[in-house]
Amino acid sequence: NRRTYFHHQIGNAVFIGLDSYYVLPYEGIQQDFIRNISKQYKSQGRFAYYHNPTYPGCSKKISESQLYWSSLFEEYNFTGIFENHHHMFKKTLPLVQGVPVTSGGITYFGDGNWGVISTPNCGKKKWQKTGIFETVDDLNHVWILQYNQTNYKIFPINVAGEKFYKSTKGNFIVNQD
């Protein structure tokens, strides 16, 4: 009887785990859940994580999460979104309605390459044509989130525990002041 969507507050951040259509649809109860938790935790950094990516590094397929969740992430000013499934190293440019913006926007991190082999024949050739990604590659990594009461810093490390990527947009640091 466990729910497939939930949240955890850790310090000054709220992490919302969502069910990307394994048991529940994107629309309806999970949209209400995103709204309610976002209203309840107005001053904390908000992060979502789920399995099937909204902006996959390996496909141009439009996800239902883009149709039902992205506008809520934008409306409630989420700090970042962590996605999985394709086992790719990915970081989008900040996006609003799926379009890169120079101010504001939501950054999507992924795609879940935590010690597994990357999806073969994916990534570099496909992602370059979309214009929404800062980077996509088949590098084994994990995203690290460091934060205090007002700042959130997100960066990837490789299997040796070393930072290996420097953003073309500078360090990803968000001030929640």
Considering only heavy atoms from C-beta outward, does the side chain of Asp111 approach that of Asn84 to under 4.5 Å?
no
Pro56 and Met88, any side-chain heavy atoms less than 4.5 Å apart
no
With side chain to side chain contact (heavy atoms under 4.5 Å, CB included) as the test, would you mind laying out the steps for Val14 and Phe47 before giving the verdict?
CA-CA 6 Å; Val14 174; Phe47 298 88; over 6 Å; no
Ignoring hydrogens and geometry, is there a side-chain-to-backbone donor-acceptor pair from Ser20 to Tyr50 under 3.5 Å?
no
Would you give the length of the straight line joining atom CD1 of Ile81 to atom CD1 of Ile16, rounded to the nearest 0.5 angstrom?
8.5 Å
For Arg3, what residues pass the salt bridge (charged side-chain N to carboxylate O under 4.0 Å, His left out) criterion, not counting sequence neighbours?
none
Just to verify, what does Ile29 make a side chain to side chain contact (heavy atoms under 4.5 Å, CB included) with, not counting sequence neighbours?
Tyr5, Leu24
Taking atom CZ of Arg46 and atom OH of Tyr41, what is their separation to the nearest 0.5 Å?
11.5 Å
Which atom of Tyr152 lies closest to which atom of Ala13, heavy atoms considered
CE2-CB, 4.0 Å
Do Ser63 and Tyr68 have side-chain atoms, one donor and one acceptor, less than 3.5 Å apart?
no
Short question: side chain of Tyr147, backbone of Asn12 - any donor-acceptor pair under 3.5 Å?
no
With a 4.5 Å cut-off on side-chain heavy atoms, are Tyr76 and Lys42 touching?
no
Do Trp143 and Ile10 belong to the same hydrophobic cluster, where Ile, Leu, Val, Met, Phe, Trp and Tyr are linked whenever their side-chain heavy atoms lie under 4.5 Å apart, directly or via other members?
yes
Heavy-atom side-chain contact between Thr4 and Tyr22 under 4.5 Å:
no
Could you tell me the separation between the OG atom of Ser65 and the CG atom of Asp19, rounded to the nearest 0.5 Å?
11.5 Å
Does any part of the side chain of Tyr108, heavy atoms only, come nearer than 4.5 Å to the side chain of Thr54, both counted from C-beta?
yes
Side chain to side chain contact (heavy atoms under 4.5 Å, CB included) partners of Tyr21, counting only residues at least two apart:
Pro25, Tyr26, Glu64
Supply the atom-to-atom distance Ser70 OG to Ile106 CD1, rounded to the nearest 0.5 angstrom.
8.5 Å
Given 3.5 Å as the limit, does a donor-acceptor pair link the side chain of Thr92 with the main chain of Thr107, or not?
no
With sequence neighbours left out, what residues match Phe73 under ring-ring contact (aromatic ring centres under 6.0 Å, His included)?
Phe78
Phe15 vs Gln9, test: side chain to side chain contact (heavy atoms under 4.5 Å, CB included). Steps then yes/no.
CA-CA 6 Å; Phe15 300 88; Gln9 179 185 3; over 6 Å; no
Under 4.5 Å between any side-chain heavy atoms of Ile132 and Tyr55, yes or no?
yes
What I'd like to find out is whether the side chain of Ile154 reaches to under 4.5 Å of the side chain of Phe82, using heavy atoms alone.
yes
Mind checking the CD-CD1 spacing from Gln44 to Ile37? Nearest 0.5 Å is all I need.
10.5 Å
Closest non-hydrogen atom pair between Gly105 and Val101, with its separation:
CA-CG2, 3.9 Å
Can you tell me which residue pairs pass the salt bridge (Lys or Arg N to Asp or Glu O under 4.0 Å) test with a partner in residues 68-78, sequence neighbours excluded?
none
Gap separating the CZ atom of Phe155 from the NZ atom of Lys91, nearest 0.5 angstrom:
13.0 Å
Could you walk me through whether Leu93 and Phe133 pass side chain to side chain contact (heavy atoms under 4.5 Å, CB included), step by step?
CA-CA 5 Å; Leu93 296 166; Phe133 295 104; over 6 Å; no
Nearest heavy-atom approach of Pro100 to Gly131 is CG-O, 3.3 Å
Side chains of Glu83 and Tyr49, donor plus acceptor under 3.5 Å
no
With sequence neighbours left out, write down each residue that passes side chain to side chain contact (heavy atoms under 4.5 Å, CB included) with Phe164, or none if nothing qualifies.
Phe89, Leu139, His141, Pro156, Asn158
Strictly distance-based, threshold 3.5 Å: is any side-chain N or O of Gln31 a donor or acceptor partner for the main-chain N or O of Trp69?
no
Would you sort out whether His7 and Phe33 count as a side chain to side chain contact (heavy atoms under 4.5 Å, CB included), showing the intermediate values?
CA-CA 9 Å; His7 79 283; Phe33 183 72; 4.0 Å; yes
